[in-house]
Amino acid sequence: LDISRQALISRVVAGYLAVIAKREILAAHDRRLDALDSELGRVRQLQSVGRAADVEVLRVDAVLAAAQADRVHLAAVLETAERDLSRLAGMNPEVIHGSSLPMVVLSDTLSVPRDSVLAQALTANATMEQARRQLASARAGRTMAQGPRWPSVRATGAYVDRGRDNGDFTAEWNAGLVLSYPIFTGGLVRSGVARADAVVRGAEAQLRSVELQTGEEVDRALSGVAESRARIRSLAAAASRFAEVVRIEKLSLEAGSGTQTDYLRAEADLLSVRASLVEAHHAEIASSVELARMTGQLNLGWIGLKLENKP
């Protein structure tokens, strides 16, 4: 039950992040469409007075058409993400579509040593606990399979009311002990113990396998957190610089010293970097959620404590 509950929480968080990420990317794409539409209007005005070549209008028109096609794809991806989230939450898709989902950020970004995380995962992880319980069950089954090798004693008792058709009933009580000791079972006990031993060995191997898998997943989640934080720092700086490049290219284009190709390329680069920045932020949250799941901490209380609405 704990495994299923934590998996569901993890999937809901991933679905929520997917929706708000797709919405942000779509909003950034719409801003690019507005910029391209404005550029198309500017070039057409210049063309009408003979200051711009037809190829410049065609170039912007082609880029705008491609961007509009991309928007159709992004909108379809967003709709799919909203439907996935609605299924996980048991809600009507129209409710998710019409709701304003706030962006979320991690309230705690402190780094935790790997050894501490791994030790907690091996102790509190629900899958590890399940494997340990299965091993304990297998060992108990082996003990039970060995039981028929030893003598057994049963206490018995009865109350008998004897009589004839015409009455004359007489009550009798009896009690006793029954001792059983298997002398020959045709290998039944031995084979039962062998099967129980095999189950124990399988459970021990499964526990070792889960330990290895837990270590791999912890390392993967820690690497995901570190990678996401490094990407966030780099992409945030890149987004700020690309925004400045777009502003300068726009001014240069309006002043007649820039080229349309450079401006369009800068707009595309800015959109790409902004989309990557959103994905990096959400990858950090997803990796942190995975760490919480691996260490057995993931529940609604953890979500309320570690995630907060972005101002």
Side-chain angles (χ1 to χ4, degrees), residues 2-29 74 77-91 96 99-114 116-118 120-122 124-128 210 213-236 238-239 271-311:
D2 287 340
I3 293 172
S4 299
R5 182 183 292 113
Q6 291 174 1
L8 178 59
I9 293 175
S10 178
R11 290 182 62 191
V12 170
V13 171
Y16 185 93
L17 294 175
V19 170
I20 59 178
K22 299 301 184 291
R23 287 183 178 181
E24 284 191 71
I25 293 173
L26 185 60
H29 194 79
L74 292 174
V77 171
L78 172 59
E79 182 181 359
T80 301
E82 290 176 341
R83 291 187 178 277
D84 290 341
L85 180 59
S86 67
R87 277 191 292 270
L88 289 170
M91 301 173 64
I96 298 294
S99 62
S100 177
L101 302 180
M103 294 179 60
V104 293
V105 294
L106 287 170
S107 59
D108 181 9
T109 57
L110 297 177
S111 299
V112 182
R114 176 190 180 276
S116 299
V117 176
L118 182 58
Q120 187 172 3
L122 294 176
N125 181 268
T127 305
M128 282 292 303
V210 172
Q213 183 178 357
T214 300
E216 291 175 0
E217 292 181 359
V218 166
D219 288 341
R220 192 179 301 115
L222 287 173
S223 298
V225 171
E227 178 186 358
S228 299
R229 290 175 180 175
R231 291 186 69 231
I232 287 171
R233 290 191 295 269
S234 300
L235 290 171
L271 174 63
S272 176
V273 169
R274 282 175 173 170
S276 298
L277 181 58
V278 171
E279 292 173 350
H281 275 293
H282 292 172
E284 180 189 14
I285 297 175
S287 297
S288 299
V289 169
E290 182 64 13
L291 272 180
R293 186 184 70 82
M294 294 305 303
T295 55
Q297 302 179 70
L298 185 59
N299 52 40
L300 295 182
W302 186 93
I303 295 295
L305 181 65
K306 297 296 184 179
L307 298 183
E308 60 184 16
N309 293 348
K310 184 177 180 181

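In this chain, residues are counted from 1 in sequence order.
- A donor-acceptor contact shorter than 3.5 Å is absent between the side chain of S107 and the backbone of E308.
- Going from atom CG of L118 over to atom OG1 of T295 covers 11.0 Å, rounded to the nearest 0.5 Å.
- Between A221 and S287, the closest heavy-atom pair is O-CB, 3.7 Å.
- For the salt bridge (charged side-chain N to carboxylate O under 4.0 Å, His left out) test, no residue two or more places apart in sequence or in another chain qualifies with R233.
- Pairs engaging residues 11-29 under the salt bridge (charged side-chain N to carboxylate O under 4.0 Å, His left out) rule: R23-E82 [sequence neighbours left out].
- Qualifying side chain to side chain donor-acceptor pair (under 3.5 Å) partners for S288, counting only residues two or more places apart in sequence or in other chains: none.
- Evaluation of the side-chain contact (heavy atoms from CB on, under 4.5 Å) rule for A14 yields no partner, not counting sequence neighbours.
- How far CG of L101 is from CD1 of I96: 6.0 Å, rounded to the nearest 0.5 Å.
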What donor-acceptor contacts under 3.5 angstrom involve side-chain atoms of residues 272-282, with partners at least two apart or in another chain?
| from | atom 1 | to | atom 2 | distance (Å) |
| --- | --- | --- | --- | --- |
| S276 | OG | S272 | O | 3.0 |
| H282 | ND1 | L17 | O | 3.2 |

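- Note: S4 OG to I9 CD1 = 11.0 Å, rounded to the nearest 0.5 Å.
- Residues passing the salt bridge (charged side-chain N to carboxylate O under 4.0 Å, His left out) test with E79, sequence neighbours excluded: R83.
- Note that CG of L307 and CE of M103 are 12.5 Å apart. Values are rounded to the nearest 0.5 Å.
- Here the CD-CG distance, from E217 to L291, works out to 10.5 Å after rounding to the nearest 0.5 Å.
- Every residue meeting the side-chain contact (heavy atoms from CB on, under 4.5 Å) condition with Q6, not counting sequence neighbours, appears here in chain and number order: A126, R293, L298.
- Annotation: side-chain contact (heavy atoms from CB on, under 4.5 Å) contacts of L8 (sequence neighbours excluded): V12, L88.
- R87 pairs by the salt bridge (charged side-chain N to carboxylate O under 4.0 Å, His left out) definition with D84, not counting sequence neighbours.
- For R220, the side chain to side chain donor-acceptor pair (under 3.5 Å) criterion is met by no residue, not counting sequence neighbours.
- Here S228 pairs with A283, E284 under the side-chain contact (heavy atoms from CB on, under 4.5 Å) rule; sequence neighbours left out.
- Here the side chain of N309 pairs no donor or acceptor atom with the backbone of V104 at under 3.5 angstrom.
- Contact detail for P102 and Y16: the closest heavy-atom pair is O-OH, 2.6 Å.
- Rounding to the nearest 0.5 Å gives a distance of 14.5 Å between OG of S10 and CZ of R5.
- Minimum heavy-atom separation, V117 to V218: CG1-CG1, 3.7 Å.
- Remark: E227 engages no residue in a side chain to side chain donor-acceptor pair (under 3.5 Å) (not counting sequence neighbours).
- Taking every heavy atom of both residues into account, N125 and M294 meet most closely at ND2-O, 2.9 Å.
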